[in-house]
Amino acid sequence: TYTVSDAHPAADALPWHLDTDEFAELVESVRARGFDPDRPVVRCGRTGRVIGGRRRELACRVAGVEPAYQEVDWTDEEVVAWVRREDLQRRNLT
């Protein structure tokens, strides 16, 4: 069992897809190379909820590596727009 940050409802609506080879490869990559600080986990500064990078945060926990965070001060509407733009357009949700 690993503890991760609470997610914003917009980000939490997306599936985790943890039982894939891709997630296992992510964990091994983080374990071997560390966390890429150029792709921080994005959190809402007001609530501390994760907006983007839930799987990367969990992969860090599994690998025993501390993730980097970027805090943003966005409204809920801005968060939803960002999740749509960054996650929905690049993910295979099938």
Side-chain angles (χ1 to χ4, degrees):
T1 302
Y2 300 95
T3 302
V4 294
S5 304
D6 289 335
H8 186 279
D12 205 30
L14 298 172
W16 283 81
H17 295 297
L18 298 178
D19 59 345
T20 64
D21 290 339
E22 180 185 350
F23 183 72
E25 290 169 8
L26 177 59
V27 170
E28 288 309 311
S29 174
V30 169
R31 186 174 285 133
R33 296 181 192 91
F35 186 80
D36 181 358
D38 292 334
R39 298 222 40 233
V41 176
V42 180
R43 291 193 297 200
C44 180
R46 292 178 290 124
T47 65
R49 290 180 170 179
V50 170
I51 298 166
R54 295 178 310 156
R55 287 175 12 118
R56 285 181 282 127
E57 184 186 49
L58 179 58
C60 284
R61 299 290 182 242
V62 173
V65 174
E66 187 63 30
Y69 293 95
Q70 174 188 359
E71 292 197 359
V72 296
D73 188 26
W74 295 337
T75 65
D76 281 339
E77 292 80 17
E78 291 170 313
V79 169
V80 170
W82 188 87
V83 168
R84 281 185 180 147
R85 183 178 62 251
E86 295 297 318
D87 285 336
L88 285 179
Q89 291 182 2
R90 68 176 176 80
R91 277 188 145 190
N92 178 1
L93 297 177
T94 58

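Values in this document were obtained by computation on a predicted structure and should not be read as measured data.
Residue L58 holds its CG atom at 10.0 Å from OG1 of T3, rounded to the nearest 0.5 Å.
Pairs engaging residues 2-15 under the salt bridge (charged side-chain N to carboxylate O under 4.0 Å, His left out) rule: D12-R54 [sequence neighbours left out]. Contacts classified as salt bridge (charged side-chain N to carboxylate O under 4.0 Å, His left out) and involving residues 41-52 (residues at least two apart or in different chains) are given here: R43-E71, R46-D73.
Judged by distance alone, the side chain of R56 and the main-chain N or O of R39 form a donor-acceptor pair under 3.5 Å.
Listed by chain and residue number, F35, P40 satisfy the side chain to side chain contact (heavy atoms under 4.5 Å, CB included) test with A68 (two or more places apart in sequence, or in another chain). When the side chain to side chain contact (heavy atoms under 4.5 Å, CB included) test is applied to D76, the partners found at least two apart in sequence or on another chain are H8. E78 pairs by the side chain to side chain contact (heavy atoms under 4.5 Å, CB included) definition with W74, T75, not counting sequence neighbours. Every residue two or more places apart in sequence or in another chain that forms a salt bridge (Lys or Arg N to Asp or Glu O under 4.0 Å) with E66 is listed here: R61. Applying the salt bridge (Lys or Arg N to Asp or Glu O under 4.0 Å) test to E25 and every residue at least two apart in sequence or in another chain returns nothing. Listed by chain and residue number, nothing satisfies the side-chain hydrogen bond (donor to acceptor under 3.5 Å, both in side chains) test with Q70 (two or more places apart in sequence, or in another chain). By the side chain to side chain contact (heavy atoms under 4.5 Å, CB included) test, E22 is found to be paired with T20, R55, residues two or more places apart in sequence or in another chain being considered. A search for side-chain hydrogen bond (donor to acceptor under 3.5 Å, both in side chains) contacts involving S29 returns R33, not counting sequence neighbours.
Each of W82 and V80 belongs to its own hydrophobic cluster when Ile, Leu, Val, Met, Phe, Trp and Tyr are linked at side-chain heavy-atom distances under 4.5 angstrom.
A pairwise comparison of heavy atoms in A11 and I51 identifies CB-O, 3.3 Å as the closest pair. When every heavy atom of P67 is checked against every heavy atom of V41, the shortest pair comes out as CB-CG2, 4.3 Å.
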Q: List the steps and the verdict of side-chain contact (heavy atoms from CB on, under 4.5 Å) for E57 and V50.
A: CA-CA 9 Å; E57 184 186 49; V50 170; 4.0 Å; yes

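At least one side-chain heavy atom of V42 sits less than 4.5 Å from a side-chain heavy atom of V72. Considering only heavy atoms from C-beta on, V83 comes within 4.5 Å of L14 through its side chain.
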